[in-house]
Amino acid sequence: MFITIEGIDGSGKSTQTRILEETIKDIAGCDCTLVTREPGGWEGGQALRDLIIKEHFLHSWTEALLFVADRCEHVTRVILPALHQNKIVLCERYNESTIAYQVWGRGLPEDEVRRLIKTTGLPEPDITFWLDVDVEKALERISKRGEPDRIESDRELLERISEGYRSLWKKEPDRIRRIDAKGTMDE
Ligand code: TMP
């Protein structure tokens, strides 16, 4: 099973992914999960992650192409082999991030980004958990954990990305499940 966890920066993805992993292990009583993330969740991917997150790109498509290129390697090297071993894959960020951030955030045309994603032929998640939190709360959490990175620091950008996630959820409410993420870790 392929599960992705999505949401704006500061929505609690890493924490909730860890809790979900522990819960699955408890219920299933086995070591049958693989936790990974994008960008950079493959051997060699950290260099690409550092580049994408820190660099300011001049061409409007550079960022999107790099995120998708990272995904191609990540899926081929890490996600598909784990799925073939019947593992439950928990992946922080995937295609929905590219649509929410690069389309709604950066303004790339949605149909062309969707076409690019389709061209890669990568698998669609069985289920996506969208951690929905308001930007104010997310920024409060981000500031507590230190310096925000390039993408995290722009409030209006995060508002647009949030709207993007909402629109994705409305289009596919069965596959994309909204989780109210403004509460405490346990809530
Ligand atoms: P992370 O810090 O949540 O791991 O994600 C790194 C940043 O990359 C985050 O600000 C979201 C951004 N991102 C995109 O803009 N598009 C994408 O397709 C992905 C996977 C991440």
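Residue numbers start at 1 and run along the sequence shown. Heavy-atom basis, side chains included; hydrogens, waters and symmetry copies ignored. Counting starts at 1 for both ligands and their atoms, following the listed order.
Relative orientation of the W130 and W169 rings is tilted, given thresholds of 30° and 60° on the angle between their planes.
Selection from E96, Q102, R37, R71 by nearest heavy atom to atom 20 (C) of ligand 1 gives R71. Considering only non-hydrogen atoms, atom 4 (O) of ligand 1 lies nearest to R49 out of R49, K13, E6, E92. Ranked by closest heavy atom to atom 10 (O) of ligand 1, the top entry among I5, D9, I161 is D9.
The number of heavy-atom neighbours closer than 6.0 Å to NZ of K25, taken from other residues, nucleotides and ligands shown, is above 12.
Atoms of ligand 1 found under 4.0 Å from any heavy atom of E38 (numbered from 1 in listed order, with element): 4 (O), 20 (C). Taking a cut-off of under 4.0 Å to the non-hydrogen atoms of T98, the atoms of ligand 1 that pass are 17 (C), 18 (O). Applying the 4.0 Å criterion to heavy atoms of I53 picks out, from ligand 1, the atoms 6 (C).
No side-chain N or O of S97 forms a donor-acceptor pair with one of E38 less than 3.5 Å apart. For the residue pair W42 / D70, a side-chain donor-acceptor distance below 3.5 Å is found, with atom types taken as modelled. Side-chain contact of R93 with Y101: a donor-acceptor pair under 3.5 Å is present, judged by distance alone. For the residue pair R71 / N95, a side-chain donor-acceptor distance below 3.5 Å is found, with atom types taken as modelled.
By the criterion of a heavy-atom distance under 4.0 Å, neither the backbone nor the side chain of V68 is placed next to ligand 1.
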